Amino acid sequence: MSRRPSEQDWAAAVAAVRTGLRPGARVLLVCHVNPDGDALGSMLGFAQGLRQLGVESLQCTFPGPLTVPAPLHMPAMDLLVPESEADPAPDLLVTFDAASEGRLGSLVDRLETAAASVVLDHHASNTGFGKVSLVDPFAAATSVVAAELLRRLGVVLDRGIAECLYIALVTDTGSFKFDLTTPEVHELAARLVATGIGVGEVSRRIFDTRPFGAIRLFGEVLGRAELDPAAAGGRGLVIAVATLDDLAKHDQPPYVLEALIDSVRCTAEADVALLLKQVAPAEWAVSMRSKGGADVSLIAVALGGGGHRLAAGFTGHGTAADVIAAVRECLAEQD
Ligand code: AMP
Ligand code: MN
Ligand code: MN
C-alpha cells in the first residue's frame, strides 16, 4: 500500500459506513490485538462519531483479554465488549490500525460475515485485505484517517471524540516528534484541542506517569543493554532484553514495558534499537526502531510481524539469543 486513498476510495468508505446508519443496523468496530493508543483511540473516537449519527447498536472490541492499561483509559470505553460477545454477522464492520488480517485474531471471520466492511489503517505494510480499504501510508496515525472519514460523514467533533483521536495522535507521533508530523497533523490537533480536552493531563497520564517499580525495572533492563557499533552497516545497533523475571522482581504488569523502547532508541551511537519483551518462556514481543538508515518494517514483515519503516514489531520465538540472531541476519541483508 504505497499510495494514498483516492476520492473513489473515500466515496466507497462513506457509502459503506452509511449502510451502518440505516435504522436497526448493527455495527461492529474492531482494532488490533494488544491495542495501543492509536488502535483504541481511533476506534473509540470513531464509535462516538457513529453515535452522533444515530447508530444505536454499536459494539467495539479487539482480540484477546478485554483489558486496557490504565494510561490508555479514555472516553466511550463502555462500548467495549469481549470478543466472545461480538456480533457474529454485523451489518457493518470497521477495523482500525490493523495492517493484516492476523492482527484481528479470531475476529477475522467478520470480514466474511459482515454485510459491509471498511479497513482504516496507515501501515505501509498493510496487505490490502477487506472489501473497502482506506489505508493512508502517509498518515501519522489511523486516527488521522478516522478523523477525515468522520468529517466526510458530517460528524461534528465533540470533546469525547476529540480526546480519543488526540490520544491516538499523540501516541503514534510520539507527541508530534516523528517524521510524519505534517502541518495537517498539527491542524487536526488544533481542531481536537479546541474542543477543550485536557492536553497536559492526557500527556502526563500516557507518557509521564510510571509506578516506582517500573522506574527500577527500566533501570535494570537499560543497565544490561548492549551496543554493537559495527552492526546495521556500521550505523550501530542497541539491544535490550526484558524478561518475565524482571517483571516479577519489580512486581510490574507487562504493559509498563511499552514505554521502554523510547529510552532505548535514544542511543546516539545506534541507528537501530531492538527491545525484546518476554511474554512466555519462549515467546517475545519485539519492538524495533530506526533513525532512518534501516527499514525495520522489512525485518518485522520477514519475521512475521509488521509496522512502519522507522517503527515495527513482531512476535519472536525461542531464546532471546535466537530472536536477536534472526534480527541481525535480516539487518545484515539491508547493508
Ligand atoms: P511497538 O514496537 O509495539 O510500539 O510497535 C511498533 C509498530 O509495529 C506498530 O505500528 C505496530 O502496529 C507494529 N507491530 C508491533 N508488533 C507487531 C506484530 N506482532 N505484528 C504486526 N505488527 C506489529
Ligand atoms: Mn497500533
Ligand atoms: Mn497506528
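Note that this is a predicted model, so its numbers are computed, not measured. Read the numbers this way: they start at 1 and go in the same order the structure lists the ligands and their atoms. Counting from 1, the numbers follow the sequence of the chain as shown. Computed over heavy atoms, backbone and side chain alike; hydrogens, waters and symmetry mates excluded.
Note on Lys177 versus Asp262: no salt bridge recorded, every NZ/NE/NH1/NH2 to OD/OE distance being 4.0 Å or above. A salt bridge is absent between Arg4 and Glu148; no separation between the charged side-chain nitrogens and carboxylate oxygens falls under 4.0 Å. Salt-bridge check for Arg152 with Glu7: passed, with a basic side-chain N closer than 4.0 Å to an acidic carboxylate O. Between Arg224 and Asp246 there is a salt bridge, since at least one side-chain N of the basic residue sits less than 4.0 Å from a carboxylate O of the acidic one. Between Glu220 and Arg216 there is no salt bridge, since no side-chain N of the basic residue sits under 4.0 Å from a carboxylate O of the acidic one.
The atom of Asp36 that is an N, O or S and sits closest to the Mn ion (ligand 2) is OD2. Sorting the N, O or S atoms of Asp38 by how far they are from the Mn ion (ligand 3) puts OD2 first. Closest approach between the Mn ion (ligand 3) and any N/O/S atom of Asp172 involves OD2.
At least one N or O atom of Gly306, backbone or side chain, sits closer than 3.5 Å to an N or O atom of ligand 1. Of the N or O atoms in Asp36, none lie within a sub-3.5 Å distance of an N or O in ligand 1. Between Gly313 and ligand 1, at least one N/O pair is under 3.5 Å apart. For ligand 1, the polar-atom distance check against Lys277 finds no nitrogen or oxygen pair separated by under 3.5 Å.
Between the side chain of Gln48 and the backbone N or O of Leu44, at least one donor-acceptor pair lies under 3.5 Å. In this structure, Arg205 contributes its side chain and His73 its backbone to a donor-acceptor pair below 3.5 Å. In terms of modelled atom types and a separation under 3.5 Å, the side chain of Trp284 and the main chain of Gly318 share a donor-acceptor contact. At least one donor-acceptor pair closer than 3.5 Å links the side chain of Lys131 to the backbone N or O of Ala114.
Leu222 contributes atom CG, which lies 8.5 Å from atom OG1 of Thr267 (distance to the nearest 0.5 angstrom). Put simply, CD1 on Ile161 and OG on Ser143 are 12.5 Å apart, with the number rounded to the nearest 0.5 Å.
Among Arg265, His32, Glu258, Arg289, the residue whose heavy atom sits closest to atom 5 (O) of ligand 1 is Arg289.
Under a 4.0 Å criterion applied to the non-hydrogen atoms of Thr315, ligand 1 contributes the atoms 19 (N). Every atom of ligand 1 with a heavy atom of Gly305 under 4.0 Å away is listed here by number and element: 20 (N), 21 (C). Close contacts between ligand 1 and Phe314 involve ligand atoms 16 (N), 17 (C), 18 (C), 19 (N) [criterion: under 4.0 Å to a heavy atom]. For ligand 1, the atoms lying closer than 4.0 Å to a non-hydrogen atom of Ser287 are 1 (P), 2 (O), 3 (O). Within ligand 1, the atoms closer than 4.0 Å to a non-hydrogen atom of His308 are 10 (O), numbered from 1 in the order shown. Every atom of ligand 1 is numbered from 1 in the order shown, and the set under 4.0 Å from a heavy atom of His123 is 10 (O), 12 (O). Set against the non-hydrogen atoms of Gly307, the atoms of ligand 1 under 4.0 Å away are 8 (O), 13 (C).
Taking the six-membered ring for Trp and thresholds of 30 and 60 degrees, Tyr166 and Phe176 have ring planes inclined between 30 and 60 degrees apart.
In summary, Cys31 places no N/O/S atom under 2.8 Å from the Mn ion (ligand 2), failing the contact criterion.
Here the heavy atom of the protein found nearest to atom 18 (C) of ligand 1 is Arg103 NH1, 3.2 Å. The protein non-hydrogen atom at the shortest distance from atom 7 (C) of ligand 1 is Ala311 O, 3.5 Å.
To the nearest 10 degrees, the angle centred on the Mn ion (ligand 3) between OD1 in Asp97 and NE2 in His122 reads 90°.
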